[in-house]
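This report refers to the structure that appears directly beneath it.
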Amino acid sequence: FRTMAGKVKWVTDIEKSVLINNFEKRGWIQVAENEDWNFYWMSVQTIRNVFSVETGYRLSDDQIVNHFPNHYELTRKDLMVKNIKRYRKELEKEGSPLAEKDENGKYIYLDFVPVTFMLPADYNLFVEEFRKNPSSTWIMKPCGKAQGKGIFLINKLSQIKKWSRDSKTSSFVSQSSKEAYVISLYINNPLLIGGKKFDLRLYVLVSTYRPLRCYMYKLGFCRFCTVKYTPSTSELDNMFVHLTNVAIQKHGDDYNHIHGGKWTVSNLRLYLESTRGKEVTNKLFDEIHWIIVQSLKAVAPVMNNDKHCFECYGYDIIIDDKLKPWLIEVNASPSLTSSTANDRILKYNLINDTLNIAVPNGEIPDCKWNKSPPKEVLGNYEVLYDEEMAQSDGPERDLRGRSGQSTGAKGSRARDLGKPVLTTWK
Amino acid sequence: AMAEPESGLSLTIARVVQRLQGSSLHSQLERQARVSLHKPEIKLESLKEDIKDFLKTSGWEKKLQNAVYSELNVFPSLCHPAAPPEHIKEPLAYMRKAQGSWEKRILKSLNSMCTELSIPLAQKRPASEQKELLNKWNEMGTDEPDLSLFRPVYAPKDFLEVLMNLRNPNYENGEQPSFRNHLGLIQVPLKVKDISELKEDFSELGLNIGQLGIDDSAQVPPEFFENEHVRVGQKVLAEQDSAAAQQYVRQGCPTALRADLWALILNISNQPEDILYYEQLKSNVIQHNLLVDSLIYKDVKLTASNDDYYFVFEDYLYQVLLCFSRDTSVLEHFTYSSATPPKSYIQGKLGMEEYAVFYPPNGVIPFHGFSMYVAPLCFLYHEPSKLYQIFREMYVRFFFRLHSISSHPSGIVSLCLLFETLLQTHLPQLFYHLREIGAQPLRISFKWMVRAFSGYLATDQLLLLWDRILGYNSLEILAVLAAAVFAFRAVNLMEVTSLAAAEAVLADLSTLKVMPLLQIFLFATVT
């Protein structure tokens, strides 16, 4: 017998049906922000307020929110790169085999982010790198924006003169974070399918950073550019060719509202296995899982592991024509807008499975719980990495701890990476 | 009177020899034999034997075997020495007549569209247009020609109406229609197999035999079947044996081996001369514009471009189909197809045979959904000339039977009759119910079979199905699957009360697993 008092009270400032339908189907009760609430699905602006020094408030044990206070350590382009660089240096210092470098000084296992610099801070360093490969293309991204806004490509130093001038002025006024940019080496040899460029969107749920426990959603998707990819310089300005964000593609002439230019990850796997073979395909997917876990490990030490928090990230990954995956960015608020019917179903199920893990049994939460959901509630998620399990078990752990990591045809098969780093997964 | 076995065999041998004579394989074998004369192991006194041994050890005998095997697969095996050519195309006169009328209708429709739109059937492109097309060859999908005035020449449902009206004038069925008679839409007395014959033919799909599509699921340890099956597949590929490959794929192809196994069975090796031939076709496309090109564009835009799985490959489809229309080597298949390529006349020379050309050059007029025959192959082959050859071979071996009227066991008429008979025999209650509410099952399943299920099943499932088409060298599995789908959804179908509702129950096949469905229907249903 449940009284109204026993039902979860929810708030959101994101008016999306995939969210609201999920709350309502659980019989949860909508309340206002200033009332007593148990679950708040908030936008990133709101989380800033909740945890800010001035306006913030203490959350009680029966309150859960969908962001970590300083998620931007992972989700801001410049901070993500900074944290990964720091993590690599630390591993190098402690002599970890993970930080091994090859004869060219490149990290063998941790080179998964394209060379990136902050502007204007690293302008001179960038120029040095640029001159090593003057014919390369670089992508400029504003640190604080999403959905492909404000992004442009350059292949000449003159195109970013503005950032150099500012850094030289002696009365240097610190730029507001809105105007800071990152500049990354553009992957100009992306894997093309049907002659088209695409990127991967994968959803990763983190329930705790220390110990790290994260889940990968099995139903990720590829986003194809509607216009044929061409590396020719004359097309640099055509954003439809280069950016795979759906927000941008939606306005192209060829956008299709049935499939939305999206492919399932299982289609990608079938295509790659059929045309490239099973071993290289397995290796690719293993590497994708690897880089996601490494990125989370990189920010784990600096994350505020507030027990009231969980977070569902949208990972953007590009695969190059040598089947190497590159981490492009991580989104704290992956879009919940649906561009097609299939999309709506996918996002609805994503939220459903996320809530099943974050709010056990759909009941009023107790943030002190051990955040270890039973296998049955995972839905389309599978365990990507469980630090606790990794540390507690013995040599057997290798198989079990990595179980379910691959989102391929055999979800629960352990795979042999064939790298010496296999044992250091623990 | 049936031909005696010996003369039948010698006839077959003679035919195969004639087909292979003058082929590039023939000249390669001759060259190899001549080159071998320089080898020390070839001795004058035992010349013939030594050369034969050499050809065996160097793998050339295997290539010849594969070519012979390929010929035997494609051509009907026994034919009376006195049989006229039209009997090889189609032995039954009334079928030939029906196919002829159907072709006349299609051609009339094409010609009237042509006249209405004042577009010639074929036209040389001006130089500027040629240059533009060449530049855009890899992205024809971004072109947006105005296709609003074009309509598909016909759709599967038009074809079904024709098949429904087929009658054998020599067959007098004096009985009143009753529950004993065939109550489906197809009313011609062709012989189709029953379940016990199908069980025998498809014995490798039995319950005790490992299958990909069933025994490779996540819950089954790979040591039970999958690993060994993959090992055998790799061995078959190493041996380059067509016949062994054909037997092997009956249990399904491992995804990583499928492209090579299909190529081996279809005897496609993508030699330099094949690539050259494809490039030649491409230059034909650049130089001349055909009316059917617009039909192809329209079809792709209507079907594959909107498909969740295949939209990615839109540009490849143009590259294959535009070339296909111009490929006169496809005309060869008309010797064993009931169809005849349409003829057209140079403007102003109507009826004058010396000004007749086949139109389109390959004699195949595309219909609505035609591009879906090519689309699944894009998951396997990303090199245009190889993709092209695989598709062409699939077409002249299998797909052409799905849209021509014939008595062949793999022809669409037999498939429809097989489907209806299986349903009526094994799910009589369902059959009668659907018939009562005006939802004849064939009206729903026809489009699946005409397209060989492309665009209806998930791609990985479709490929498992097409593995078996190649393995058994027959399209009958399409009819069996169609019946199995109805069996699977029987409970829901019993509750519907209209054709529209029945269509809705069967609208989405994308979650179906074909091998369990087939296995259960063939081997686990009480007959």
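Letters A, B, ... are given to chains in the order of the sequence lines, protein chains preceding strands, and every chain is numbered from 1.
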Shortest non-hydrogen contact between [X] and [Y], atoms and distance:
{"X": "A:Phe224", "Y": "B:Phe311", "value": "CD1-CZ, 4.0 Å"}
{"X": "B:Ala259", "Y": "A:Ser274", "value": "CB-O, 4.2 Å"}
{"X": "A:Thr275", "Y": "B:Leu380", "value": "CG2-O, 3.6 Å"}
{"X": "B:Phe313", "Y": "A:Ile193", "value": "CE2-CG2, 3.9 Å"}

When rounded to the nearest 0.5 angstrom, what is the spacing between [atom1] in [X] and [atom2] in [Y]?
{"X": "A:Lys196", "Y": "B:Glu139", "atom1": "NZ", "atom2": "CD", "answer": "9.5 Å"}
{"X": "A:Lys278", "Y": "B:Leu257", "atom1": "NZ", "atom2": "CG", "answer": "9.5 Å"}
{"X": "B:Asp460", "Y": "A:Arg269", "atom1": "CG", "atom2": "CZ", "answer": "12.5 Å"}

Self-check item: salt bridge (charged side-chain N to carboxylate O under 4.0 Å, His left out) involving B:Asp299 - partner list, sequence neighbours excluded
Solution: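 For B:Asp299 there are no salt bridge (charged side-chain N to carboxylate O under 4.0 Å, His left out) partners, ignoring immediate neighbours.
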Practice problem: Determine yes or no for a side-chain-to-main-chain donor-acceptor pair under 3.5 angstrom, with A:Trp263 supplying the side chain and B:Tyr309 the backbone. | Solution: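 Looks like yes, one N/O pair under 3.5 Å.
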Quiz item: So what's closer than 4.5 Å to chain A heavy atoms on B:Asp260: side chain, backbone, both or neither?
Solution: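 When you check distances to chain A, no heavy atom of B:Asp260 falls under 4.5 Å.
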Self-check item: side chain to side chain contact (heavy atoms under 4.5 Å, CB included) between B:Val312 and A:Tyr271, worked out
Solution: CA-CA 11 Å; B:Val312 174; A:Tyr271 175 80; over 6 Å; no
Quiz item: Under 4.0 Å between a Lys/Arg side-chain N and an Asp/Glu carboxylate O for B:Asp308 and A:Lys262?
Solution: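 No.
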Quiz item: Residues in ring pair (Phe, Tyr, Trp, His ring centres under 6.0 Å) with B:Tyr381, at least two apart?
Solution: none
Self-check item: Greater than 12 external heavy atoms within 6.0 Å of A:Glu279's CD
Solution: no
